[in-house]
2 protein chains.
Amino acid sequence: MVERDSDRSVSQTVRAQLSLRDLILSGDLRPGERISELQAVETTGASRTPVRMALVRLEEEGLLEAIPSGGFMVKAFSERDVLDSIELRGTVEGLAARFAAERGVSSRDLEPLKGCLDEIDGLVRQDPISVEAFSSYVALNARFHALLTELSRSPPLIRQVDRASALPFASPSGFVMTQSTLPDARHTLLIAQDQHRVVVDAIENREGARAEAIMREHARVAARNLRLVLRNKTHSDLLPGLALIRMAGD
Amino acid sequence: MVERDSDRSVSQTVRAQLSLRDLILSGDLRPGERISELQAVETTGASRTPVRMALVRLEEEGLLEAIPSGGFMVKAFSERDVLDSIELRGTVEGLAARFAAERGVSSRDLEPLKGCLDEIDGLVRQDPISVEAFSSYVALNARFHALLTELSRSPPLIRQVDRASALPFASPSGFVMTQSTLPDARHTLLIAQDQHRVVVDAIENREGARAEAIMREHARVAARNLRLVLRNKTHSDLLPGLALIRMAGD
DNA sequence: AATGGATTTTCTGTATACATAGATGATCCA
DNA sequence: TGGATCATCTATGTATACAGAAAATCCATT
């Protein structure tokens, strides 16, 4: 079926939000730049009401900043901001893992998680890893992290983990694609996957502190990758939102 | 000066948000109850546009839940939800304290914090503590926690701590007033104040792990108080939002 | 030439009208 | 009498018009 450029099945608000998010993450809208509602109306095709709605949601998402005199601007992030966001995500994921371990999980709950890990094993077995495999890894990794967080069985915590992962460079899978061009790409993925196995093992054995610690360390792999990407600025197109990161000298 | 019921200096959106928040926290709007926009328009006096804006913001705040078919309903919280929210707040505050300790703070930055502590000391010195003193404690305690979080010098983290503290029963000062009627009220406040001193000491000496651990434990004082309040349901009017907590049997 | 003020323009905040989708109630048939 | 279907009605999503405020521009004066 031929899709119109505007799908009637989703609301104008959602459409405007997606459209504006793409514009921000791709760098078409520069950090610090004010987003005019009228301009947003032209680019998204929606009217002002849903556009305003989308802007409010994008502010909550962390991509926009309210201007005191009114309206919104694209937020700029320092390298430190991004590193802190990653550490924060690791911390709340760590709390989720600890809750899961302390409260116990049934083997039935662990099944999908272990299935995920087996699939990832299948991917990292190949050497070198193909670009398609990296793509699959991104999806599986996201799924693993989501399932793990849900093991906490804590809606408030799940909510906060989702919010902490909303920024693309803070999300668990944010830096996977950027790794794909690095020489020791497979090495990094093997380490990350080992950490996945360890945290599941810790949860199974109800080792809360261990589960928490390993998830924190797991996030620091992403921090390492961020530094690599920022040093050799190549392949920066693989990480949406990199345009929002302003280096110290800028 | 006589204030009109509608202050022209703030926007209709903010006024509607404050008004609706009060209605929710006071229990006038029951958990699970759908909030009609038209009804909200009547009670707040604002028109539909700012009311809708306020509803979206209250959803982000965690007080409302979106209904799939459209609109919003008042969210209900289990006792476990609230305990988890408190633990979460303690965890992110702990991260802020660790950042402050690891990165170091100048004695100039610590001054307002220590001033805060001295003022609190003045309050808890009296025995028994007056209701007015409890009120002052709430304000000073909120100020201390805000200053402490800012010591992390991490905008993303400060943002998340604020969000984790947005729910009244998850906020650092949420249970202070409920304590005021309890027999060992002063005892609890003395312990909390000692923890305040310890975390400042840890930060001064750059003991990151210690600073983090004490902030986590500090939040658990609030968790203890929650259980007390829920067991003897008296004085529940001292905690706004208690109406949102649904016990297991309900 | 630079600065201050006034004017114009553009933007956001708000109100409201309209359309569509969902909910509710009544009526008809089995 | 119970269930299903249809109609009506209400509530939300969307579009747009209007007012006030902020920002930019231009002119005048020093």
Side-chain angles (χ1 to χ4, degrees), chain A residues 3-24 28-76, chain B residues 3-24 28-61 63-75:
Chain A
E3 284 259 309
R4 296 284 183 135
D5 58 343
S6 55
D7 184 353
R8 281 301 172 92
S9 68
V10 296
S11 69
Q12 293 286 71
T13 300
V14 172
R15 218 181 308 166
Q17 190 176 352
L18 292 173
S19 166
L20 288 173
R21 187 193 288 137
D22 280 347
L23 251 46
I24 296 167
D28 286 3
L29 297 169
R30 295 285 176 83
E33 191 174 325
R34 183 189 205 124
I35 295 196
S36 156
E37 284 183 14
L38 221 67
Q39 162 196 342
V41 163
E42 282 176 20
T43 58
T44 64
S47 85
R48 277 190 62 210
T49 305
V51 160
R52 275 180 72 74
M53 224 68 167
L55 291 175
V56 170
R57 297 207 123 99
L58 287 170
E59 183 204 4
E60 298 293 339
E61 201 173 315
L63 256 34
L64 296 180
E65 201 175 340
I67 300 173
S69 67
F72 300 94
M73 55 182 273
V74 179
K75 206 189 258 188
Chain B
E3 284 255 309
R4 295 284 184 136
D5 58 344
S6 56
D7 185 352
R8 282 299 171 95
S9 67
V10 295
S11 69
Q12 293 287 72
T13 301
V14 172
R15 218 181 308 166
Q17 190 175 352
L18 291 173
S19 167
L20 287 174
R21 187 192 287 137
D22 280 347
L23 250 46
I24 296 167
D28 286 3
L29 298 169
R30 295 286 174 84
E33 191 173 328
R34 184 190 203 121
I35 295 197
S36 155
E37 284 182 13
L38 228 66
Q39 164 196 341
V41 164
E42 282 176 19
T43 57
T44 64
S47 85
R48 276 191 64 210
T49 305
V51 161
R52 275 180 71 74
M53 225 66 168
L55 290 175
V56 170
R57 298 209 122 99
L58 287 170
E59 183 205 4
E60 300 292 341
E61 201 173 312
L63 255 35
L64 296 181
E65 201 175 340
I67 299 172
S69 66
F72 300 94
M73 55 182 272
V74 179
K75 207 190 259 189

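Quick note: numbers below take in every heavy atom, side chains included, and nothing from hydrogens, waters or symmetry partners. A, B, ... follow the sequence lines: proteins, then strands. Residue 1 opens every chain.
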With the side chain counted from C-beta on, respond yes when B:Glu61 and B:Ile24 share a heavy-atom pair under 4.5 Å apart, and no when they do not.
no
Please list, chain by chain and in numerical order, all residues satisfying side-chain contact (heavy atoms from CB on, under 4.5 Å) with B:Glu59, sequence neighbours excluded.
A:Arg57, B:Leu64, B:Ala66, B:Phe72
Would you say the side-chain atoms of A:Thr44 pair up with the backbone N or O of A:Ala40, donor to acceptor, closer than 3.5 Å?
yes
Length of the CZ-P vector between A:Arg48 and C:dA17, whole Å:
18 Å
Identify each donor-acceptor pair in which a side-chain atom of residues 45-54 of chain A lies under 3.5 Å from a protein atom, sequence neighbours left out, and give them as a table.
{"unit_1": "A:Arg48", "atom_1": "NE", "unit_2": "A:Glu37", "atom_2": "OE1", "d": "2.9"}
{"unit_1": "A:Arg48", "atom_1": "NH2", "unit_2": "A:Glu37", "atom_2": "OE1", "d": "2.8"}
{"unit_1": "A:Arg52", "atom_1": "NH1", "unit_2": "A:Glu37", "atom_2": "OE2", "d": "2.4"}

Near-strand residues of residues 58-67 of chain A, defined as heavy-atom separation under 4.0 angstrom from DNA chain C
none
Segment of DNA chain D, first to last nucleotide, that comes within the 4.0 Å heavy-atom reach of chain A
D:dT14 to D:dA23
Can you check whether B:Thr13 has a side-chain N or O nearer than 4.0 Å to OP1 or OP2 of C:dT14?
yes
What integer distance in Å separates A:Arg52:CZ from C:dC11:P?
14 Å
Going by the rule side-chain contact (heavy atoms from CB on, under 4.5 Å), which residues pair with B:Asp28 if we only count those two or more places apart in sequence or in a different chain?
B:Leu23, B:Ser26
How would you label the contact of A:Ser69 with the nucleic acid (heavy atoms, under 4.0 Å): base, sugar-phosphate, or nothing?
sugar-phosphate
Within residues 32-44 of chain B, those residues having any heavy atom closer than 4.0 Å to DNA chain D are B:Arg34, B:Ile35, B:Ser36, B:Glu37, B:Leu38
